[in-house]
Amino acid sequence: MALSFGPFFTCFIVTLFLTVYLHIIMHHTSVFHKRTIQFSLIGILVILIRMSIPFNFPFTYSFQSYQVLPRILDFTTQNIAGCRLRVDTLIFSIWFTVAFILLLRLLVQYIRLHHALSAFFVEKEGAYAYLYEFLQEYLAKPIRIALIPEPISPAITGLLHPILIMPDEQSFSETELKYICLHEIAHYKEHHLWLGFLMEIICRIHWWNPFVQHLKKNLCSFWSFPTTFS
């Protein structure tokens, strides 16, 4: 494998076209089936993961560019004036450092969130016992309920151990609470949390690319749920 600046430049161009494509199909849901959109999104995420690795693999097939790309690559292989540091080495160093810090921060936020929610768990034997029983009918995995004493929107988090986040108020009827639970469980069963978390990782790796951030906004608006880590 060879470290190359090419994937960075290619990623910027490819994600531009992928963003336009995803924007079109997401805003024409009457033409494109929802499953088609979801599989397209997964394919785009896979491409972005590949482009997160700035290496040319031995089996990689490269299209020849004789005008634009050679000039960019020639510039990046030059030494910075006054030192032996090359331009591409500096760019890689900045990219890796920022991406590492953002990914570490994402991990810390995830841990802190679940630690903070643990203080608001409600027991299965109590006023909300019927909700636990209701949830187990539609979700095989154990789930916890966290009641937050703030006017928040219901949400669900937890990639492996789901946590249903609810406002601690009595304005919802029992029927409304059940519909809210079904809506949040649907996000979990459709693997939206995994896709959202993967998108968060990609956004931090491609922090320099504004088109990736736009992809994230399309993802959240399409599934109508906020990202947990913004």
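What you find for Ile94 and Trp207 is that their closest heavy atoms are O-CZ2, 3.9 Å. Ile163 and Ala146 get closest at one heavy-atom pair: CG2-CB, 4.1 Å. Residues Pro142 and Gln136 come closest through the heavy atom pair CA-NE2, 3.9 Å. Of all heavy-atom pairs between Gly158 and Tyr188, the closest is O-CE1, 3.3 Å. Across all non-hydrogen atoms, the minimal contact from Leu160 to Trp194 is CD2-CZ2, 3.8 Å.
To the nearest 0.5 angstrom, Arg144 atom CZ is 14.5 Å from Thr157 atom OG1. One finds the CE atom of Met166 at 8.0 Å from the CD atom of Glu184 (value rounded to the nearest 0.5 Å). Atom CG of Leu139 is separated from atom CD1 of Ile156 by 7.0 Å, given to the nearest 0.5 angstrom. Rounding to the nearest 0.5 angstrom, the gap separating the NZ atom in Lys178 from the OH atom in Tyr130 is 7.5 Å. In this structure, CZ on Phe134 lies 4.0 Å from CG on Leu182, to the nearest 0.5 angstrom. Considering CD1 of Ile165 and CD of Glu150, their distance stands at 13.0 Å, rounded to 0.5 Å.
Put simply, Tyr110 and Leu104 are part of two different groups of oily side chains (I, L, V, M, F, W, Y) that touch within less than 4.5 Å, one to the next. Leu107 and Leu193 sit in two unconnected hydrophobic clusters of ILVMFWY residues. Membership requires side-chain heavy atoms under 4.5 Å apart, directly or through other members.
Applying the side chain to side chain contact (heavy atoms under 4.5 Å, CB included) criterion to Glu133, with sequence neighbours excluded, gives no partner residue.
Ring planes of Phe96 and Phe100: parallel class, angle under 30° (limits at 30 and 60°).
In this structure, Leu102 and Leu106 have side chains that are not in contact, with every pair of non-hydrogen atoms separated by 4.5 Å or more.
Residues near Ile101 contribute nothing to a hydrophobic cluster around it, because no ILVMFWY side-chain heavy atom sits closer than 4.5 Å to its side chain.
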Requested in this report: Please assess Ile145 against Leu135 for the test side-chain contact (heavy atoms from CB on, under 4.5 Å), listing each intermediate value before the final yes or no.
Outcome: CA-CA 10 Å; Ile145 300 176; Leu135 290 169; 3.8 Å; yes
Contacts under 3.5 angstrom, residues 111-123 side chains, donor-acceptor by atom type, not counting sequence neighbours:
| from | atom 1 | to | atom 2 | distance (Å) |
| --- | --- | --- | --- | --- |
| Ser118 | OG | His115 | O | 2.5 |

